[in-house]
Undergrad: 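My questions all concern the structure below.
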Amino acid sequence: MKNAAYPLYPARELTDLRQLLEQKALACPDEPAFRYMVGRKAMVERTYGQFYQDVRALGTFLLKHYTVGRKIALISENSYHWLVAYFAIVTTGNVAVLISKDSTDAEAATLVFQSDAEIVVTSEACESAARFCKAKYGRKRRYYSLSHMNKWLAAGYKALDKGKKHYDRVTVDPDALSCIFFTSGSTGFSKGVMISQRNMTSDITGMLQLFDPTGSTMSVLPFTHAFGLVVGLMVPFFCNMPVFICSSLSNFMREIPLAKPTILVLVPLFVETFSKTIWRTAEKQGQAKTLRRGMTASDALLRLGIDRRRKLFDSVHSKFGGQLHTMICGGAPLDPRFVKEFRSLGVDLINGYGITECSPVLSANRNHHNLAGSVGMPMPNIELKIVDPDDKGRGEVAVKGPNVMLGYYHDPEATGEVIDSEGWFHTGDLGYLNEEGFLFITGRKKSVIILSNGENVSPEEIEQYVERIDEVQEVVVYADENAITAEVYPDPETGLNRKELVRRIQKQIDKLNASLPSYKHIQRLKIRDKEFEKTSTRKIKRYKATAKQAEPEEPAPTADPAAPALEPEE
């Protein structure tokens, strides 16, 4: 199909997450909803009907124990039990507080305190966070492990068998607080983002007017972040796409041939890693030139309307399960060269843009109408504008719509700083719209480097250039005493000594400087020995990389109300 504008897909009605579960259980009860591995050999499959009944059973158990209107923290890796717990919490009038498994024990305890969570549920792998929280903030909170899930479900099913209707009597308020996400913390202290079920469902239905996903997917991104939960999990669930729940990042390449996804939802770091792995493998096998020629031939055939990509690059596709045709990418800037590269290999790379405070998607490229370098078209059910544009039309991106958050938890001052009196949410991202309506993001307002000569420089733009250097794995650009500085973590696979690494990287930076305006020249190169510290969505914590900002302080503990006991019935 030609890359051109075409009508929106029909809007699909969805108001809350209980409706989502009930619709699927009624329409396709026996179709697979989730697959996951237990150990290395046993794959488990749960249908839409089974999942709904598991959520209903756990919800019944919660309600029997008077667990209503409570804030319940979930600290765990992705798992089927995590999903059952999450949906049972939010469909029974409780609030899910989502805390990353990668948080330190101190960070997790701070977020539990900050959110007023009264119940803390962890996986076995994260139980040290619960112990730390109990030691720091006292014993009035209740702490439970997902390892007891089967007992809770058994108790819930027993109550259902006795005709208990606790779960069925609940009415969900789609506009009430349902979930607290935490901002990724890439620029400082994390804030609690209050999201309603209408926020999320409006984002799902808006996305599906732009993009029509089919097939199956593999869930890799953490469910504790809006991109991983809403785009990576809820959208496929709504579209009857079986979701394979990856057990861990370390098992990703081992499990993907079993998952055989047609679509992956990823952040740019995955795409960059895939690209480097493909080229490094080709070079080791002496096939790099052959691969380049194949890609040139593939592009030429595509221009003639002939698609031979899967046949030409079968060895590449087999590494990803053999059926992958689309990668949806968001969460951080994506170098447009990867869009072209993966298209040549037979995988469409669809870039989008979002922010946690908007549940999270604001714009996306479409299946058959996309533009490399852009983050696509704004969703049709929101308003988007550029605030205070300069002479090139570039300014801050602001949005208004049903997906905009309720506000920051217990922080009306911060909420007032980003949501104005007319309801416009100011994203803090800089960008512009082209004549066709495609949105381009050029950087973060807070990270713009303002030089002494008055020139403004977007560090993200320069980072994108530096990342193309073969020997560079990660880079952060910032101003150090008014000099643009590139701090680089080299690719550890190069096998080169430090002196040679510096020489090669500096040589490429000199070439880069020759192609840039003088005010954008990189004047200093710093080499680091360790990777940059990252958030759980694999974004570099920029405020820690630049290192001149003080560490955020943890709030002091105070007394909190007792929470109810949550013990399974015998």
Undergrad: Does the pair Lys534/Asp102 count as a salt bridge with the N-to-O cut at 4.0 Å?
TA: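 The answer is no: the pair does not qualify as a salt bridge.
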Undergrad: Whether the side chain of Asn365 engages the backbone of Asn351 through a donor-acceptor N/O pair (distance < 3.5 Å, no angle test) should be reported.
TA: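 Side chain of Asn365 to backbone of Asn351, a donor-acceptor pair under 3.5 Å: yes, one is there.
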Undergrad: What residues, two or more places apart in sequence or in another chain, satisfy salt bridge (Lys or Arg N to Asp or Glu O under 4.0 Å) together with Lys276?
TA: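 Partners of Lys276 under the salt bridge (Lys or Arg N to Asp or Glu O under 4.0 Å) test: none.
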Undergrad: Students often mix this up, so state it plainly: with edges at 30° and 60°, are the rings of Tyr432 and Phe440 parallel, tilted or perpendicular?
TA: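 The arrangement is parallel - the two ring planes meet at less than 30°.
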Undergrad: When Pro490 is tested against each of Asp529, Leu501, Ile469 for side-chain contact (heavy atoms from CB on, under 4.5 Å), which residue passes?
TA: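 Output: one option passes, namely Leu501.
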Undergrad: Are any of the side-chain heavy atoms of Ile505 and Ile527 separated by less than 4.5 Å?
TA: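 Yes, side chains in contact.
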Undergrad: Return yes when atom CZ of Arg498 has more than 12 non-hydrogen atoms of other residues, nucleotides or ligands closer than 6.0 Å, and no otherwise.
TA: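 Atom CZ in Arg498 is packed in, count exceeds 12.
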Undergrad: So that I can tick it off, tell me whether Asp390 and Lys392 are bridged by a salt bridge, with the cut-off set at under 4.0 angstrom between side-chain N and carboxylate O.
TA: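 Result for this pair is no, no salt bridge flagged.
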Undergrad: In the structure I gave you, are the side-chain heavy atoms of Met295 and Phe313 within less than 4.5 Å of one another anywhere?
TA: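 A side-chain contact under 4.5 Å exists here.
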Undergrad: Show every salt bridge (charged side-chain N to carboxylate O under 4.0 Å, His left out) that has at least one partner inside residues 501-514, sequence neighbours left out.
TA: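 Qualifying pairs, neighbours excluded: Glu471-Arg504, Glu500-Arg503, Glu500-Arg504.
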Undergrad: With no hydrogens and no angle check, just 3.5 Å: does a side-chain donor-acceptor pair link Ser447 and Glu460?
TA: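 Result is yes, a qualifying pair exists.
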Undergrad: Thinking salt bridges, do Arg528 and Glu487 make one under a 4.0 Å N-O criterion?
TA: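 The answer is yes: the pair qualifies as a salt bridge.
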Undergrad: Run through Leu98, Leu233, Leu74 and flag the one making a side-chain contact (heavy atoms from CB on, under 4.5 Å) with Phe223.
TA: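 Option passing the side-chain contact (heavy atoms from CB on, under 4.5 Å) with Phe223: Leu233.
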Undergrad: Are Asp429 and Lys445 ion-paired here, with the side-chain N under 4.0 Å from a carboxylate O?
TA: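 No, Asp429 and Lys445 are not salt-bridged.
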Undergrad: With a 4.0 Å cut-off, would you call Asp335 and Arg468 a salt bridge?
TA: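 Here Asp335 pairs with Arg468 in a salt bridge, since their nearest N and O are under 4.0 Å apart.
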Undergrad: Parallel, tilted or perpendicular for Phe252 and Phe274, by the 30°/60° rule?
TA: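 Aromatic pair Phe252/Phe274 classed parallel.
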Undergrad: Strictly distance-based, threshold 3.5 Å: is any side-chain N or O of Thr296 a donor or acceptor partner for the main-chain N or O of Arg292?
TA: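 Between the backbone of Arg292 and the side chain of Thr296 there is a qualifying donor-acceptor contact (under 3.5 Å).
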Undergrad: Is the shortest side-chain N to carboxylate O distance from Lys284 to Glu493 below 4.0 Å?
TA: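 So Lys284 does not pair with Glu493 through a salt bridge.
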Undergrad: Tyr408 versus Met194: any side-chain heavy-atom pair under 4.5 Å?
TA: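 The answer is no, as the side chains (C-beta and beyond) never meet within the 4.5 Å cut-off.
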